[in-house]
Amino acid sequence: MTITRFAPSPNGPLHLGHAYSAIISHDLAKETGGRFLLRIEDIDGARSRPHLADEFRRDLKWLGLEWDEVPAQSTRLGSYEAAFSKLRDFGVLYQCECTRADILSAGAEIGPMGAIYPGKCKGKDISPDGKAQWRLDVDLASKITGQLKWHDAIEGAQFCDPWELGDVVIWRKDEPASYHLAATLDDAADGVSLVTRGRDLFAATHIHRLLQALLDLPMPRWHHHPLLLDDSGKKLAKTRGSPAIADLREAGEDGHLLAEQLRLQSFPSGISLQNA
Ligand code: GLU
């Protein structure tokens with residue numbers, strides 16, 4: 001029995017790319033008689049707009065999906081804190097005071113999800129006064145775990161390569177856990193067996209696999225689906241004119257029909273599937 005999830009952040013309305021992702025995840029679970037979970041990832045501080053969670057539920061219902069909702073991230077802060085302390089006590093985290101500008105001016109290489117931290121604060125003596133963020137020492141952590149592997153349903157077996165993202169932030173100074181720590185812990189706590197999400201998060205999985213090994217969490221499998229692109233070849237975004245699902249719903253369109261079209265990969269004009 002497969003357990004999948006859809007884990008939107010209420011930072012903006014869902015668009016066709018989210019709907020496509022939710023449908024893939026839903027169908028992968030349901031075709032095995034499994035469960036499709038909805039988890040609201042609402043720990044993004046100022047960007048989080050909690051009222052959107054209700055809109056998301058309406059959108060998914062309108063698309064004809066059925067789900068079990070698990071607790072939102074904002075209710076799980078204690079588990080993030082406990083895992084953070086454990087990692088810190090292992091000695092695999094270090095404090096970092098760098099701003100984004102410091103990182104860019106240090107000539108950081110740009111990786112698949114932004115600048116790769118050049119290690120400026122590694123080995124620096126910073127007093128733990130809560131004003132610094134904490135990063136994962138990927139060299140040290142990988143030495144402890146040894147070579148790890150994971151499996152993607154589309155791309156097959158992968159050697160874990162956490163250097164693709166480098167020493168990511170695990171604990172933020174002004175907000176709780178980073179996405180990497182929170183999502184990894186939640187997927188384990190929710191019993192997710194197939195983590196289904198867009199290909200834009202492929203590189204993040206190397207970090208998640210490393211965290212699982214350090215924290216002794218079970219290893220799921222992954223399915224990173226291709227993204228929907230707009231006519232300029234960029235990932236769909238509300239800001240670039242991709243219609244919000246809520247707008248289509250409120251305009252009286254047929255959500256079940258839209259879901260069927262997305263399943264058949266019949267997209268509105270100007271929208272295409274990555275590498276299709
Ligand atoms: N909350 C993330 C987002 O909305 C999804 C993370 C994931 O699927 O792992 O982009």
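Every value quoted in this text rests on a predicted model; they were computed, and no experiment measured them. Both ligands and their constituent atoms are indexed starting at 1 by order of listing.
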Could you tell me the residue and atom name of the protein heavy atom closest to [atom], and the distance to it rounded to 0.1 Å?
{"atom": "atom 5 (C) of ligand 1", "answer": "Ala7 O, 3.3 Å"}
{"atom": "atom 6 (C) of ligand 1", "answer": "Tyr179 CE1, 3.3 Å"}
{"atom": "atom 3 (C) of ligand 1", "answer": "Ser9 OG, 3.7 Å"}

Protein non-hydrogen atom found under 4.0 Å from atom 9 (O) of ligand 1 = yes
Run the numbers for me: atoms of ligand 1, each under 4.0 Å from some heavy atom of Arg5, listed by number.
-> 7 (C), 8 (O), 9 (O)
Counting from 1 in the order shown, the ligand 1 atoms closer than 4.0 Å to a non-hydrogen atom of Glu41 are 1 (N), 2 (C), 5 (C), 6 (C)
Ion pair [X]/[Y], N-O distance below 4.0 Å:
{"X": "Asp190", "Y": "Arg5", "result": "no"}
{"X": "Asp167", "Y": "Lys120", "result": "no"}
{"X": "Lys30", "Y": "Asp27", "result": "no"}

Going by the ring pair (Phe, Tyr, Trp, His ring centres under 6.0 Å) test, which pairs reach into residues 57-89, not counting sequence neighbours?
-> Phe84-Trp134, Phe84-Trp171
Quick one: does ligand 1 sit under 4.0 Å from the side chain of Ala183, the backbone, both or neither, non-hydrogen atoms only?
-> neither
Testing Arg57, Arg39, Arg35 for salt bridge (Lys or Arg N to Asp or Glu O under 4.0 Å) with Glu69, which one passes?
-> Arg57
Measuring from Gln212:CD to Trp150:CH2, what's the distance to the nearest 0.5 Å?
-> 10.5 Å
